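To start, the structure itself, in structure tokens.
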Amino acid sequence: MDYQFQQIEKKWQEIWEKENTFKVLDDKTLPKFYALVEFPYPSGHGLHVGHPRSYTALDIVARKRRMDGYNVLYPIGWDAFGLPTENFAIANKIHPKKVTADNVANFKRQLKSIGFSFDWTKEINTTDPAYYKWTQWIFLKLFEKGLAYKQEMPINFCTSCKVGLANEEVVNGVCERCGSEVVRKNKSQWMLKITEYAQRLIDDLDDLNYIEKVKIQQKNWIGRSEGAEVQFAVSGTDDILTVYTTRPDTLFGATYMVLSPEHPYLDKYKDKIKNYEAAVQYREEAARKSEFERTELAKEKTGVKLEGLCAINPVNKKEIPIFISDYVLMSYGTGAIMAVPAHDDRDWDFAKKFDLPIIEVVSGGEDVQKAAYTDTDSGIMVNSGFLDGMEVKEAISAIRDYLEKEGIGKKKVNYKLRDWVFSRQRYWGEPIPLVHCDKCGWVALPESELPLTLPEVDNYEPTDNGESPLSKIEDWVNTTCPKCGGHAVRETDTMPQWAGSSWYFLRYIDPMNNDALASQEAINYWLPVDWYNGGMEHTTLHLLYSRFWHKFLYDIGVVNTPEPYAKRTSHGMILGENNEKMSKSRGNVVNPDDIVNEFGADTFRTYEMFIGAFDQATPWSMNGVKGCYRFIERVWNLQGLLTDEEGYSADMETTMHKTVKKVSEDIERMKFNTAIASLMALINDFYKKGSITRGELKTFLLLLNPTAPHITEEMWVLAGFEGKLHEAKWPTYDEAKTKDETVEIVLQVCGKLKDKIMVAAGLDKAGLEQAVLADEKVKKLLDGKTVVKTICVPDKLVNFVVK
RNA sequence: GCCGCUGUGGUGGAAUUGGCAGACACCCGGGACUUAAAAUCCCGUGGGAGCAAUCCCGUACCGGUUCAAGUCCGGUCAGCGGCACCA
């Protein structure tokens, strides 16, 4: 009988759908397992072969956990607000709601064709008012607790299209659509105080089972640094300038000061600055650049000296010049730095360019006139008054004490993390449920008015002044104040796409609830998420934002755990066959539909897992797909080798136990490629032997089922095994039976491989040495040589060091 | 530039805590089957020398630690992900 994957896969997918096979069980006494994958953005391009890599991986884990006896929640939904849909809608004159519905339908069909064990009764969509009601509710709670505030922040604005642009739409400083100049335009925007949670977001990582590189990247992103704020008097004024530095020890070496071009002193001392015009011009030029461009170390340093203003170094009372330069950002520290060219690379570059003095204050490096010496682990303070002779770390603490005592500075912890810009001047997002009343200021809508739905309009195109498209809808904008009943206007900016994805895992556990984002009962049972897999590209934004929201919800008593995800793993990208990122323009895109149609879902799933190390990027290969198809077909043809024997045959027993152990452990460690490799090796054994017992087939089908669920279910039924395969128990192994009786020992002389011999397994060092020395080959090998040392590694090798 | 990751045959990759480099596949070559082709099955397959036993070289590059290094340490080069309004 031929392997008819179309019929088999259709049959089982219909059974799973009809019987709701993967719906979570109501029984909350069972141990639970919550597996989560990043829900897709339903783009017009359809499913990418990268999506199923993550989805298959956790599908395998979820299916195995069900066989282990867990009540498993493995849900899916749609992160559907966002820019591409809106832009597609504008370009094609189709409403984003319609675009989204069409794309979701297509994604859903594709996901179902691959046979994932999602609980489809839990499906969610961030653009559904019943969902975003709760996104808005969380925002109102943040607002109520003072964690949402308004601030002037720059947006990208195309001077020709007259629209606000996302960073992605700005390519090399010009508008992606028309090629015109893009400027940064200030606009008052809603901000969320994620910085208030910075320390907890670092500290709580310690107890989480996240892969190490995710923890490191999050910590670096939050960027805690311990330093000091130092006050410099400004000559000719009563004012002071506060700088932040992580190297207060080098204060005696500060030979100039640099302000961010946006620093308020520029306008404040307009009259004192003789070259104010030049400074303003420089500020305008800087406004055109992104922060990324501004902080690039490789670029030539630029700046303007503020003529007429001087700062006084508080420790040695020396007058030093003040510059503005774009490498200093207003968004970090105080927007002002003291420059120590001898011990900072950027300051050194700047000092060379503007011919400023470079004074060594830490000795131990090369000539500071040739390069900055930035090492803090060795070196002794010089030219630094009372700090002279101290080591750097000693000096840091001494100067910090001195600054506090003298009242000219203080210890200060800073974070690179910045507050979250939460406003978008776009239509296709959650409306921000606030109104502005002339009398009462910003007022929250009462909970009873949620959800505040997006107005149904025909024209959702951007405005020509950078405002949100919603601002044009007058009868929506004008409303009454919930507090005083007077006239008020609605906030017209919408939320960023990150909003809906910051709490979606909470909605899955109780998606129909209209009274709370989820019931207490569901929260108590299902949280936290046990295993969350996603891309490395989400490490610093999505993952951090959702941890922040969850901590906030914990603080106000909505959830019962301080962290949302107990475990986080990450998958690598799938590249095109040419080893480049898949993209339409490169013409290297693989459509999952084509693979499923030609080879079947089981082959597709197997290949996605066999393609390479799960956490590594790897190129697609059609030949690799064919190889997996051959494997699946060989699985099908095992039916021709089947005997009547029930257990394992004697010569296969060790191999069977070994394979059960290997596959079980590899799935838990996400080594899916080697799990499949061991099943391939096993099937090769069956073919070499020409037979497989019923017991062996049963175990083989159980082990392969999470990876290739359709073919294994079908073969289970055809072989007449009891019940349905997915209801069976995961096979067990006996540790003692995974061990061979004899092992091969590697013989080395001076670390070089010379020979291999078989000895009994489990010998200790002395026993192994004895057994090896008794061997004829070894006697020959050591003939005429003096053994200086013998290294024995039980069950592995013996190494003779000879003279 | 900053932060993080990666580098192993012709290709994807494998190799618990340092202990046989190349598992499992793909490609390629040879054979069986076939009128033929496809499919399938069997064999070979890191490079070099040799009839052979066997020997030498080999995990991006340079150096170090060790009886032993793909694995640890220092440096260099190359590629990839992120850099806050793509998601």
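Within every chain, numbering begins at 1; the chains are lettered A, B, ... in the order of the sequence lines, protein sequences first and strands thereafter. Just so it is clear, the model here is predicted, and its values are computed rather than measured.
Taking the C1' atoms as reference points, A69(B) lies 6 Å from G18(B), given to the whole Å. Separating the C1' atom of A23(B) from that of A37(B) is a span of 34 Å, rounded to the nearest Å. Going from the P atom of G81(B) to that of U45(B) covers 38 Å, rounded to whole Å. As rounded to the nearest Å, U71(B) and U16(B) have P atoms that lie 13 Å from one another. Using C1' as the reference atom, G75(B) and G29(B) are 43 Å apart when rounded to the nearest Å. Distance check on atom P: C42(B) versus C24(B) gives 13 Å, rounded to whole Å. To the nearest whole angstrom, the two C1' atoms, one in C72(B) and one in U66(B), are 10 Å apart. For the P atom pair drawn from U59(B) and G9(B), the interatomic distance equals 9 Å after rounding to whole Å.
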Walk me through it: do D349(A) and R346(A) pass the test salt bridge (charged side-chain N to carboxylate O under 4.0 Å, His left out)?
CA-CA 5 Å; D349(A) 289 344; R346(A) 288 160 306 179; over 6 Å; no
Protein-to-nucleotide contact annotation, 5' to 3' order, nucleotides 15-23 of chain B [B base; S sugar-phosphate only; - none; under 4.0 Å, heavy atom]:
--B-BB--B
Nucleic acid footprint by protein, nucleotides 71-86 of chain B - heavy-atom cut-off 4.0 Å, B for base, S for sugar-phosphate alone:
----------BSBBBB
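Checked against the 6.0 Å centroid criterion, the rings of F610(A) and F631(A) do not qualify as a close aromatic pair. Between Y532(A) and F505(A), the ring centre distance reaches or exceeds 6.0 Å.
OP1 or OP2 of C41(B) sits under 4.0 Å from a side-chain N or O of R634(A).
One distance of note links CG of N684(A) with NZ of K689(A); it measures 14.5 Å at 0.5 Å rounding.
The separation between W620(A) atom CH2 and A25(B) atom P is 19 Å, rounded to whole Å. When the P atom of U40(B) is taken as reference, atom CH2 of W636(A) falls 17 Å away, rounded to whole Å. What separates OH of Y629(A) from C1' of U40(B) is a distance of 12 Å, to the nearest Å. Atom NZ of K213(A) and atom C1' of U6(B) are 9 Å apart (whole Å). Here the C1' atom of nucleotide C26(B) and the CD1 atom of I676(A) are 15 Å apart, to the nearest Å. Across the protein-nucleic acid pair, I574(A) atom CD1 and G12(B) atom C1' stand 12 Å apart, rounded to whole Å. For the pair Q616(A) CD and A14(B) C1', the computed distance is 13 Å after rounding to whole Å. To the nearest angstrom, P of A25(B) lies 10 Å from CZ of R630(A).
Contacts of N637(A) with the nucleic acid, taken as non-hydrogen atoms under 4.0 Å apart, are absent. Within 4.0 Å of D615(A), counting heavy atoms only, lies no atom of the nucleic acid at all.
Closest of all the heavy-atom pairs between P84(A) and Y41(A) is CD-OH, 3.3 Å.
Considering only the side chain of P619(A), G12(B) comes nearest among G12(B), G4(B), C26(B).
Using a 4.5 Å heavy-atom cutoff, the side chains of T790(A) and N799(A) are not in contact.
With a cut-off of 3.5 Å on both pairing distances, the Watson-Crick and G-U wobble pairs of RNA chain B assemble into stems of 3 or more at B:1-7 with B:77-83, B:10-12 with B:24-26, B:28-32 with B:40-44, B:46-49 with B:54-57, B:60-64 with B:72-76.
Anti is the conformation of G29(B), whose glycosidic angle sits further than 90° from 0.
By the side chain to side chain donor-acceptor pair (under 3.5 Å) test, N588(A) is found to be paired with N578(A), residues two or more places apart in sequence or in another chain being considered. Annotation: side chain to side chain donor-acceptor pair (under 3.5 Å) contacts of N87(A) (sequence neighbours excluded): E169(A), R426(A). Residues passing the ring-ring contact (aromatic ring centres under 6.0 Å, His included) test with F800(A), sequence neighbours excluded: none.
Ring geometry for W498(A) against H538(A) counts as perpendicular: the plane angle is over 60°, on a 0 to 90° scale with 30° as the lower cut. Ring-plane geometry between Y132(A) and F81(A) is classed as tilted, the angle between the planes lying from 30 to 60 degrees on a 0 to 90 degree scale. The aromatic rings of W620(A) and F604(A) are tilted relative to each other, their planes meeting at an angle between 30° and 60°.
At least one cation-pi condition fails for K215(A) and Y210(A): the charged atom is not both under 6.0 angstrom from the six-membered ring centre and inside a 45 degree cone around its axis.
With RNA chain B read from its 5' end, the first of the two nearest nucleotides for E633(A) and G612(A) is the one closest to G612(A).
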